[in-house]
Amino acid sequence: MANTYTQIYIHYVFVVKGRDNMIKETFREELQKYITGIIKNHRHLCFAIYSMPDHTHILVGLNPSQSVSDLARELKANSSKWINEKGFLKNKFNWQVGYGAFSYAQSQIQTVVKYINNQPAHHRKTTFREEYIDFLSKFRVDYKEEYLFEFLD
């Protein structure tokens, strides 16, 4: 649309169903490229993506022609279908219901990119549960324990 200018940065967090460690190093980079392709095909920008064995972080420059929730649904549905069709795993792959989506200012982008790219080192010190609850607290998101992702102890 003419005369429409936006700057929308969204940090998505998706979790593997049951928090199982199903994203294997053998196909992690291929998965990240596939997800990046979906993002680009919908005219968004992918600034950073990192898939840990049980969750994925993605920083997207969002094109306002698609909502935050529609992009999340598209990414999760297509990537899980792709993983299953490729036969990377013996068991069926699914993302958990729901997702995290957190907005940032342009001045924060490099910090968030560094954070996402540094996930392996970060998770040597911090559990995913701690990380996710920290996001919810920092962004002042009201939540109920029973609606959080399923956490394996």
Side-chain angles (χ1 to χ4, degrees), residues 8-104 108-136 138-139 141 143-153:
I8 306 167
Y9 301 104
I10 303 296
H11 177 179
Y12 287 98
V13 182
F14 303 148
V15 179
V16 174
K17 187 171 184 176
R19 289 274 327 286
D20 287 337
N21 291 323
M22 295 184 80
I23 300 173
K24 306 299 181 193
E25 192 59 32
T26 55
F27 67 89
R28 179 184 61 78
E29 287 186 21
E30 200 173 341
L31 171 62
Q32 291 173 178
K33 288 177 186 173
Y34 183 79
I35 291 172
T36 299
I38 297 169
I39 292 166
K40 289 180 180 178
N41 287 340
H42 286 274
R43 301 178 317 160
H44 307 289
L45 298 172
C46 184
F47 285 92
I49 181 170
Y50 201 98
S51 293
M52 294 296 293
D54 65 347
H55 70 283
T56 294
H57 290 263
I58 311 165
L59 179 61
V60 175
L62 193 72
N63 180 322
S65 64
Q66 187 174 30
S67 70
V68 170
S69 59
D70 285 348
L71 179 59
R73 183 175 48 252
E74 189 88 20
L75 293 173
K76 290 171 64 181
N78 286 316
S79 62
S80 59
K81 180 181 177 193
W82 179 82
I83 290 169
N84 290 320
E85 286 176 351
K86 286 288 202 173
F88 290 125
L89 302 166
K90 293 177 185 174
N91 298 326
K92 185 174 181 182
F93 180 89
N94 286 299
W95 296 106
Q96 283 191 3
V97 174
Y99 59 91
F102 307 97
S103 61
Y104 286 92
Q108 299 169 296
I109 297 309
Q110 288 308 315
T111 302
V112 178
V113 167
K114 185 177 177 182
Y115 175 82
I116 290 173
N117 290 335
N118 196 37
Q119 281 293 292
H122 173 74
H123 284 292
R124 283 194 283 275
K125 302 176 208 160
T126 306
T127 67
F128 174 73
R129 181 183 182 89
E130 292 166 340
E131 174 186 55
Y132 196 71
I133 290 174
D134 188 49
F135 274 119
L136 295 172
K138 280 187 199 173
F139 285 89
V141 175
Y143 66 93
K144 294 182 179 178
E145 282 286 327
E146 64 266 24
Y147 297 118
L148 284 179
F149 297 119
E150 299 168 17
F151 292 100
L152 300 177
D153 294 322

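These numbers were taken from a predicted model, which means no experiment stands behind them.
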So, does N78 use its side chain to make a donor-acceptor pair with the main chain of E74 at under 3.5 Å?
yes
Ignoring hydrogens and angles, tell me if any N or O in the side chain of H44 forms a donor-acceptor pair with the backbone of N63 under 3.5 Å.
yes
Which distance, rounded to the nearest 0.5 Å, do you find between the CD1 of I58 and the CG of L75?
5.0 Å
Is a side-chain N or O of Y12 found less than 3.5 angstrom from the main chain of V68, in a donor-acceptor match?
yes
Is there a donor-acceptor contact under 3.5 Å from the side chain of N84 to the main chain of K92?
no
Step through it carefully: locate the ring centre of Y115, locate the ring centre of Y50, and say whether they are under 6.0 Å apart.
no
Distance-only, no hydrogens or angles: does the D20 side chain make a donor-acceptor pair with backbone N or O of M22 under 3.5 Å?
no
Kindly say whether N21 contributes a backbone atom to a donor-acceptor pair with the side chain of K24 at under 3.5 angstrom?
yes
Applying side-chain hydrogen bond (donor to acceptor under 3.5 Å, both in side chains) to Q108 and H11, what does each step give before you reach the verdict?
CA-CA 11 Å; Q108 299 169 296; H11 177 179; over 6 Å; no
Check for a donor-acceptor pair, side chain of E130 on one end and backbone N or O of T127 on the other, with a separation under 3.5 Å.
yes
For W82 together with F88, are the ring centres under 6.0 Å from each other?
yes
Ring centres under 6.0 Å, that's the criterion: do H55 and H123 meet it?
yes
Salt bridge flag under 4.0 Å for residues K33 and E30
no
Does atom CD of E29 have more than 12 heavy-atom neighbours, drawn from other residues, nucleotides or ligands, at distances under 6.0 Å?
no
